[in-house]
Amino acid sequence: KAGVTQTPRYLIKTRGQQVTLSCSPISGHRSVSWYQQTPGQGLQFLFEYFSETQRNKGNFPGRFSGRQFSNSRSEMNVSTLELGDSALYLCASSLAAATNEKLFFGSGTQLSVL
Amino acid sequence: SQQGEEDPQALSIQEGENATMNCSYKTSINNLQWYRQNSGRGLVHLILIRSNEREKHSGRLRVTLDTSKKSSSLLITASRAADTASYFCATGTVRSGGYQKVTFGTGTKLQVIP
């Protein structure tokens with residue numbers, strides 16, 4: 001079974017631009033969560049999608065958005081990039097985010113904003 | 001926001017020694033999970049302990065959970081150079097819709113010196 005796939009692996013953007021990151025979960029997994037990881041803040045929860053619906057959202061500005069498609073693949077978008085958005089963005093999938101389920105992570109997308 | 005705080009932030013030991021990492025959290029949980037991250041990569045699930053369990057073993061890993069103190073510890077016995085990584089605790093809490101939200105701590109960076 002293929003793991004969680006995130007593309008692209010690296011991105012370099014400039015301030016003010018927008019960016020779209022992609023995540024393909026493990027086959028059969030319907031829940032996809034996104035996290036932002038920075039050296040100073042650790043892993044911060046962005047949002048979680050299940051069956052194309054956002055069920056949970058973290059404390060991030062509206063510039064951060066996401067969506068999930070019918071095949072469970074998910075994208076997240078960051079508009080009007082700021083220097084502080086430079087981070088490793090991690091996607092994780094699980095069957096349904098049910099109680100006591102573990103998360104399976106992709107390798108992440110390293111975003112650098114110049 | 002972070003649910004878990006890990007201690008120490010960094011740990012350096014000799015190969016063959018045991019490594020102990022601690023995690024404290026703030027609110028009631030359904031489970032506590034430990035993950036491992038090699039530099040700049042995705043996280044890998046190590047072990048999950050439910051709120052009604054006190055201790056769990058998996059290979060060289062031993063996890064304890066004290067819900068009265070809202071704390072957990074991860075013990076890696078007979079450490080190897082390949083154990084060098086960052087270790088994160090994560091709390092699983094159930095939302096009103098019945099699904100789980102997983103919130104990560106700040107991590108402990110472990111270095112095992114050959």
Side-chain angles (χ1 to χ4, degrees), chain A residues 3-7 9-10 21 23-26 29-51 53-60 86-112, chain B residues 1-7 9-10 21 23-25 27-53 56 58 61 63 65 85-109:
Chain A
V4 179
T5 304
Q6 290 189 247
T7 56
R9 182 72 180 95
Y10 300 96
L21 313 182
C23 172
S24 292
I26 289 172
H29 284 193
R30 294 166 64 192
S31 169
V32 173
S33 299
W34 289 89
Y35 292 85
Q36 180 196 65
Q37 185 178 25
T38 56
Q41 297 294 317
L43 274 89
Q44 300 282 337
F45 174 76
L46 280 156
F47 25 65
E48 186 252 346
Y49 286 88
F50 178 78
S51 291
T53 299
Q54 186 185 88
R55 293 196 295 194
N56 207 356
K57 191 177 190 308
N59 295 323
F60 278 82
S86 294
L88 179 66
Y89 289 87
L90 292 162
C91 160
S93 77
S94 67
L95 282 167
T99 307
N100 299 324
E101 272 190 7
K102 62 183 182 182
L103 298 178
F104 294 82
F105 280 84
S107 294
T109 294
Q110 184 68 55
L111 172 65
S112 297
Chain B
S1 60
Q2 302 300 134
Q3 163 73 302
E5 295 286 334
E6 274 128 284
D7 173 59
Q9 289 187 328
M21 289 159 261
C23 170
S24 59
Y25 57 91
T27 63
S28 295
I29 61 172
N30 286 85
N31 62 71
L32 191 136
Q33 306 177 34
W34 286 90
Y35 289 79
R36 163 195 167 126
Q37 183 182 37
N38 288 89
S39 182
R41 309 295 292 183
L43 281 72
V44 175
H45 183 268
L46 295 175
I47 195 166
L48 180 152
I49 185 166
R50 302 182 185 211
S51 60
N52 61 353
E53 298 176 313
K56 204 159 184 182
S58 177
L61 306 180
V63 168
L65 178 64
S86 291
Y87 292 81
F88 292 85
C89 71
T91 54
T93 54
V94 178
R95 309 284 294 181
S96 57
Y99 58 90
Q100 173 176 253
K101 180 181 177 183
V102 179
T103 308
F104 285 82
T106 49
T108 292
K109 192 169 282 190

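Reminder, nothing fancy here: chain letters follow the sequence lines and each chain counts from 1. Small disclaimer: the values here were computed from a predicted structure and weren't measured. No hydrogens, no waters, no symmetry mates; every other heavy atom, side chains included, goes into these values.
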Atom group of B/L43 that falls short of 4.5 Å from chain A, counting heavy atoms = both
Would you list the atom pairs, donor with acceptor, under 3.5 Å between side chains in residues 99-108 of chain A and any protein atom, with sequence neighbours excluded?
| residue | atom | partner | partner atom | Å |
| --- | --- | --- | --- | --- |
| A/N100 | OD1 | B/N31 | ND2 | 2.9 |
| A/E101 | OE1 | A/S94 | OG | 3.1 |
| A/E101 | OE1 | A/L95 | N | 3.3 |
| A/E101 | OE1 | A/A96 | N | 3.1 |
| A/E101 | OE1 | A/A97 | N | 2.9 |
| A/E101 | OE1 | A/A98 | N | 3.4 |
| A/E101 | OE2 | A/A96 | N | 3.3 |
| A/S107 | OG | B/R41 | NH2 | 3.3 |

Cut-off 4.5 Å, heavy atoms of chain A, and the answer for B/V94 is side chain
Among A/V4, A/L90, A/N56, which residue forms the greatest number of heavy-atom pairs with chain B at distances under 4.5 Å?
-> A/N56
Working for side chain to side chain contact (heavy atoms under 4.5 Å, CB included), residues A/F60 and A/Q36 | CA-CA 10 Å; A/F60 278 82; A/Q36 180 196 65; 3.4 Å; yes
Given A/R55, A/R9, A/Q6, A/Q37, the one with more heavy-atom pairs under 4.5 angstrom with chain B than any other is A/R55
Is the B/Y87-B/Y35 ring centre distance short of 6.0 angstrom?
-> no
Answer with yes or no after comparing the ring centroid distance for A/Y49 and A/F47 against a 6.0 Å cut-off, counting only values under it.
-> yes
